[in-house]
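Chain letters run A, B, ... following the sequence lines, proteins first, then strands; residues in each count from 1.
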Amino acid sequence: MNAQTLTYREALRAGIEQALEDDERVFLMGEDVGRYGGCYAVSKGLFDYYGEQRIIDTPLCESGFVGVGIGAAMGGLRPIIEVMTVNFSLLAMDQIVNSAATLRHMSGGQFNIPVVIRMACGAGRQLAAQHSHSWENFYAHIPGLKVLSPGTHTDARHMLGQALRDPDPVIIFEHVMLLNESGEVSEAPEADMESALVRRLGDDVTLITYGGSLHKALDAADKLAEINISAEVVDLRCLRPLDTDTFLSSVAKTHRAIIIDEGWKTCGLAGEISAIIMEQGFWSLDAPVKRVCTAEVPIPYPSHLEQAALPQAEQIVEMAQAIMEGR
Amino acid sequence: MNQKLRIDRVHLINQLRQMLRIRRFEEKCTQLYAEEKIRGFLHLYIGEEAIAVGVMSVLSPEDQIVATYREHGHALARGLSMGSILAEMFGRTNGCSRGRGGSMHLFDKQMSFYGGNAIVAGGLPLAAGLAMANKKQDRDAVTVCFFGEGAVAEGEFHEAMNLAVLWKLPVLFVCENNGYAMGTALSLSESETNLARKASGYGMASSQVDGMNVVDVESATSSALELIKTTSQPYFMECKTYRFRGHSSFDGQLYREKEEIRQWEEKGPVIRLQNWLKENNHFNEDELDELETEIKAEIEAAIEFAEGGAWEDTGDLCKDVYSPTREGEPG
C-alpha cells in the first residue's frame, strides 16, 4: 500500500484506532475524549464505534485519572491517557513524576509502568498564557520517562503504536498547530521511536529541532537555499532519551548548529542540546552554537504579540546568515 | 456479627503473634537506626498494628495492597519476609526492592504488595487503577489502599474517591486515623473530623472501626470485602488509632502531651489482646514467653540476613530506571 494523505489529527486518530484494534488491553481515557469527541477532535467517532469501556470520559481530575491510568498499567492494561494540554498536565505532574517515573526503580525493577500519556502543546491559536505552552523540557528532565514529539504525519500515525509496545511510561506531545495540516503518511514507521532523523540534507549549518518547529526549520532551509546556504535539518523526534549521535554527526559535517525550540530558552531543551554539542562536538565547531527559542514571556493573547514571541523561519534564516558570515 | 469472624484461640494467638512481630521488629529498628544501620526516615507503626494485622488476615493472595511510607507493619502482616524488609532498610540488594527504596518503599510483586508510596494520598489513584484493571480483566481481586488521615486533605483523595464510586471499582480504602498528620491534629486540618462521613459525600459506604482492636478490624474488613464483592462498589473504612512514637525519626513531639500518649498506650492493641487472652484463660505466661522467644529468633535471623546482603555495585547505579527490553517487536 502506498502512502496516504491525512491531516495530522486524522493520523493521530488512525494510530489510536490501530492500537485499539491490535490489543484488547488498550483503552483511551481522558477529559471529553468520548461523547464530545476530544477537545481537539482527535478521538472523534471512536466512542460510537468502541463504546464506553474502551473510550472513557473522565471527570476533570488530572491527577486522579492519570494516577488511575498508571495503576491500570501496573495491573496489566495498556492505557492511553489523554491530558487536554501540557498546561493541565501540571495538575497530574505528581503522578507522572513521583509515581510513573519512579515505581520501576523504587521497586528494584519489579513493577514496570506501560502507560502512554498524550498531551497537546504549543502556541499559535491565540489561547493566551494558560493554554499555549511548550513544556516538553519538564518531562524530558525526568529519568524513568520517555518523551516523544511527532513532528511529521507519519510519526503522528505510528509513534503511538511504538510507545504502547514500550514497557515504560511514554509521553507524547502533539502540537496544536499541526492538527489541521495535511501530509503524507507512510504505511510503516520511518524509524525506531528513539531515533532522530535527518529531514533534509545540507552542508553548511545544522538546524536541530522537533515537533511544531520542524516545518519552520524546513521553511528556513528552503529560504537559505535561495541564498546559497545549505542547511541540514535534524528532527529529534524523541526528547528523552536523546539520540545525540544523529545531531553530533550532522554538526561534525556542517560545523555549525542552530537549535530551534518553542520552549523558553532559560533552562530549556535547547540549552541541553547546546551543552551536549559543546561537550562532545566542540572541536568540530566553526561558530558558536545558537538558539532560536520563545521569548521569555507567558504567551500573550494578541496575534502579533504571540507570533513575535514564537520562533519564526525568518529568525532562523537571519541567524544562519549571521553565523555563516562570522557575525 | 459477620459469619466469617474467627475468634477461636488459635487464630487470636496468631493475630497476637503478628502484632508482636511488628512491635518487636520496629523496636529493634529504632535501635538499628541509632546504630546508623538504617538511615533516611524511619516511620514507626507502633500502636497501629491491629489495623494491618486485622485487614491482612482476611485477604486472599491475589488481593493487592497499596500502602504508605509507614508500611513495615503492612509488609510483615502481608507475608513479606522480615529479612527482605530489613535488608531493604539496610539498602542491600537482597532487600525486597533491591535496596533502591528503603524503609518508605517496600515492594513485593509475589505478595501483590504495590509499595510504600511516600507522597501523601499518591497511592489512592494507583489503587483505583489497579482495581480498574481487575475489573476489566474479570479478576476477583480487591485492591486495598492504606493511608493516614492526613491524606484526606489532599485533592488526590477526593479525586480517587469520586472515580472509585463513579466507575464501581473494587477498592477497600482503609484510613488509618491516628489523629495527627505529622504534628497537626485532625481538628486543625479538617472542617469535618468524622472522616467516614466524607465517604457518604461520594455515595460510598463506610464505617468507623476501633483500630486498636484487631478483632473489630478483622470483622469490619470481612464485612467490607463481602459488600465490595456483592455490590461491585468501593468501601471506606476509618480505623481510629494512635501512633505511640513520633511521626518519624526526627520528631520532638512538641504538639502533644505525654499524658495523652500514656492513655492511648493503655488501650494499645497488643496489651489489649494479650490481657483478654489471659483473663479468659486462653493463654499463659509461658506461652507468651515462647512467642517472644520465637520472634526474637526471627529478628536475629533477619538481621543476619540483612547484614549479609551485598551492596549494589555502583556500576549498576542506573539499573532499573528503564526496562531492559521492549515487549514484542521493536519499532
Side chain from CB out, backbone as N, CA, C, O: work out which of these in [X] comes under 4.5 Å of a heavy atom of chain A, or both, or neither.
X        : result
B:Leu130 : both
B:Lys136 : side chain
B:Leu166 : side chain
B:Asp108 : both
B:Cys318 : neither

Can you tell me which portion of [X] sits under 4.5 Å from chain B's heavy atoms? Options are side chain, backbone, both or neither.
X        : result
A:Thr58  : both
A:Ser63  : both
A:Glu24  : neither
A:Leu145 : backbone

Could you pull out the closest heavy-atom pair between [X] and [Y], with the gap in Å?
X        : Y        : value
B:Leu126 : A:Gly67  : CD2-O, 3.5 Å
A:Phe111 : B:Tyr114 : CE2-CE2, 3.3 Å
B:Ala133 : A:Ala72  : CB-O, 3.8 Å

Above 12 or not: heavy atoms from other molecules or residues under 6.0 Å from [atom1] of [X]?
X        : atom1 : answer
B:Asp140 : CG    : no
B:Gln110 : CD    : no
B:Phe41  : CZ    : no
B:Lys229 : NZ    : yes
A:Gln130 : CD    : no

How about [X] and [Y]: do any of their side-chain heavy atoms sit closer than 4.5 Å?
X        : Y        : answer
B:Asn162 : A:Cys61  : no
B:Trp167 : A:Val68  : yes
A:Asp168 : B:Val321 : no
A:Arg104 : B:Ser323 : yes
A:His105 : B:Arg100 : yes
A:Val66  : B:Pro125 : no

Would you say the side-chain atoms of [X] pair up with the backbone N or O of [Y], donor to acceptor, closer than 3.5 Å?
X        : Y        : result
B:Tyr322 : A:Lys146 : no
A:Gln110 : B:Phe107 : yes
B:Glu159 : A:Leu60  : no

Hey, which residues of residues 13-22 of chain A are touching chain B, say heavy atoms under 4.5 Å apart?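 Heavy-atom contacts from residues 13-22 of chain A to chain B are absent.
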
Enter the distance from [X]:[atom1] to [Y]:[atom2] here, rounded to the nearest 0.5 Å.
X        : Y        : atom1 : atom2 : result
A:Ser107 : B:Arg98  : OG    : CZ    : 11.0 Å
B:Leu106 : A:Met106 : CG    : CE    : 10.5 Å
B:Asp320 : A:Thr102 : CG    : OG1   : 12.5 Å

For chain A, find which of B:Ala127, B:Gly95, B:Gly122, B:Ser112 contributes the most heavy-atom pairs closer than 4.5 angstrom.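 The option with the most such pairs is B:Gly122.
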
Using a cut-off of under 4.5 Å for heavy-atom pairs, which of B:Gln137, B:His158, B:Glu88 has the most such pairs with chain A?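 The residue among B:Gln137, B:His158, B:Glu88 with the greatest pair count is B:Gln137.
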
As an exercise: rank A:Gly144, A:Gly109, A:Pro79 by heavy-atom pairs under 4.5 Å with chain B and give me the winner.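 Maximum pair count with chain B is reached by A:Gly144.
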
Partner chain B: residue of A:Leu91, A:Asp94, A:Ile70 with the largest heavy-atom pair count (under 4.5 Å):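 The answer is A:Asp94.
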
Would B:Glu156 and A:Gln95 count as having a side-chain donor-acceptor pair, cut-off 3.5 Å?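 A:Gln95 and B:Glu156 do have a side-chain donor-acceptor pair below 3.5 Å.
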
Checking B:Met132 against A:Ile56 for the side-chain contact (heavy atoms from CB on, under 4.5 Å) test, could you report, in this order, the C-alpha distance in whole Å, the side-chain angles of both residues, the deciding distance, and whether it holds? CA-CA 12 Å; B:Met132 179 196 249; A:Ile56 302 174; 4.0 Å; yes

